[in-house]
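Report on the structure given below.
Reminder, nothing fancy here: chain letters follow the sequence lines and each chain counts from 1.
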Amino acid sequence: DAKTTQPPSMDCAEGRAANLPCNHSTISGNEYVYWYRQIHSQGPQYIIHGLKNNETNEMASLIITEDRKSSTLILPHATLRDTAVYYCIVRAFNQAGTALIFGKGTTLSVSS
Amino acid sequence: DVKVTQSSRYLVKRTGEKVFLECVQDMDHENMFWYRQDPGLGLRLIYFSYDVKMKEKGDIPEGYSVSREKKERFSLILESASTNQTSMYLCASSLGRLTSGGTYNEQFFGPGTRLTVL
């Protein structure tokens, strides 16, 4: 799996957009970008994934740069319940179902 | 919704005891995983299984063993618990094949078991 780099922590005001960056400069052509989050005392939760096109679901949007060397997870209207550690993971298509490698992630603190 | 359950949320054991952590998933997933999570170290993979009676070592298998006799159940065993095995243990499952929805790599996690070894 390609290595990812994320800031250790970020703050966001409730109701504002939270933009979480991730660098993956060594990503290869068959590798996807995945995002998970972990709310305190719970197991990690899948958020979204993408290859090269921007993606959106009910939880978040994922913006991947054209060269695919970085991406941004966007929570459009952050709430207090979005306070969590967010993990960016890069892994290949042919590793479907195999073990994820989690780094240290970004701790997002949403405050009122 | 996929549900992954773990037998205990909190467990306290003594050094040298044999400890069983149980995980059950209800979505017929082929793959199951055991991770441990420690402050400052993130999640680390202990063991995983692709099928019944199949197992593969992860990054930190020492001191642990696993058992998968049925597809829905994956057990983590600490043969002789030690204080350095005090940790949060997380079980996960995922499909082993591709799905039309594209979430073929999504892993579903249980709530975790916080194990303390005294």
Worksheet entry | Shortest non-hydrogen contact between A:Leu62 and A:Ser71, atoms and distance | CD1-CB, 4.0 Å

Worksheet, complete the sentence: Of all heavy-atom pairs linking A:Ile39 and A:Ala84, the shortest is CG1-CB, 3.8 Å

Fill in: Interface residues of residues 102-109 of chain A facing chain B - non-hydrogen atoms under 4.5 Å apart
A:Phe102, A:Gly103, A:Lys104

Using heavy-atom distances under 4.5 Å, tell me whether [X] contacts chain A through its side chain, its backbone, both, or neither.
X	answer
B:Leu90	side chain
B:Arg9	side chain
B:Gln6	neither

Worksheet item: Quick check, are the ring centers of A:Tyr36 and A:Tyr34 under 6.0 angstrom apart?
Response: no

Worksheet item: Centres of the B:Tyr47 and B:Phe33 rings: under 6.0 Å?
Response: no

Discussion item. Donor-acceptor pair, distance only, cut-off 3.5 Å: does the side chain of B:Thr113 make one with the backbone of B:Tyr10?
Written reply: no

Fill in: Inter-residue atom distance B:Ser75.OG - B:Met32.CE, 0.5 Å rounding
8.5 Å

Worksheet item: What residue in B:Arg114, B:Gln37, B:Met88 has the most heavy-atom pairs under 4.5 Å with chain A?
Response: B:Gln37

Worksheet, complete the sentence: One option among B:Gly40, B:Gly58, B:Gly110, B:Cys91 has the most heavy-atom pairs under 4.5 Å with chain A, and it is B:Gly40

Item to complete: Given salt bridge (charged side-chain N to carboxylate O under 4.0 Å, His left out), test A:Asp82 with A:Arg37 step by step and report yes or no.
Response: CA-CA 9 Å; A:Asp82 291 322; A:Arg37 74 179 183 184; 2.8 Å; yes

Discussion item. Angle between ring planes, A:His49 versus A:Tyr46, binned at 30° and 60°: parallel, tilted or perpendicular?
Written reply: tilted

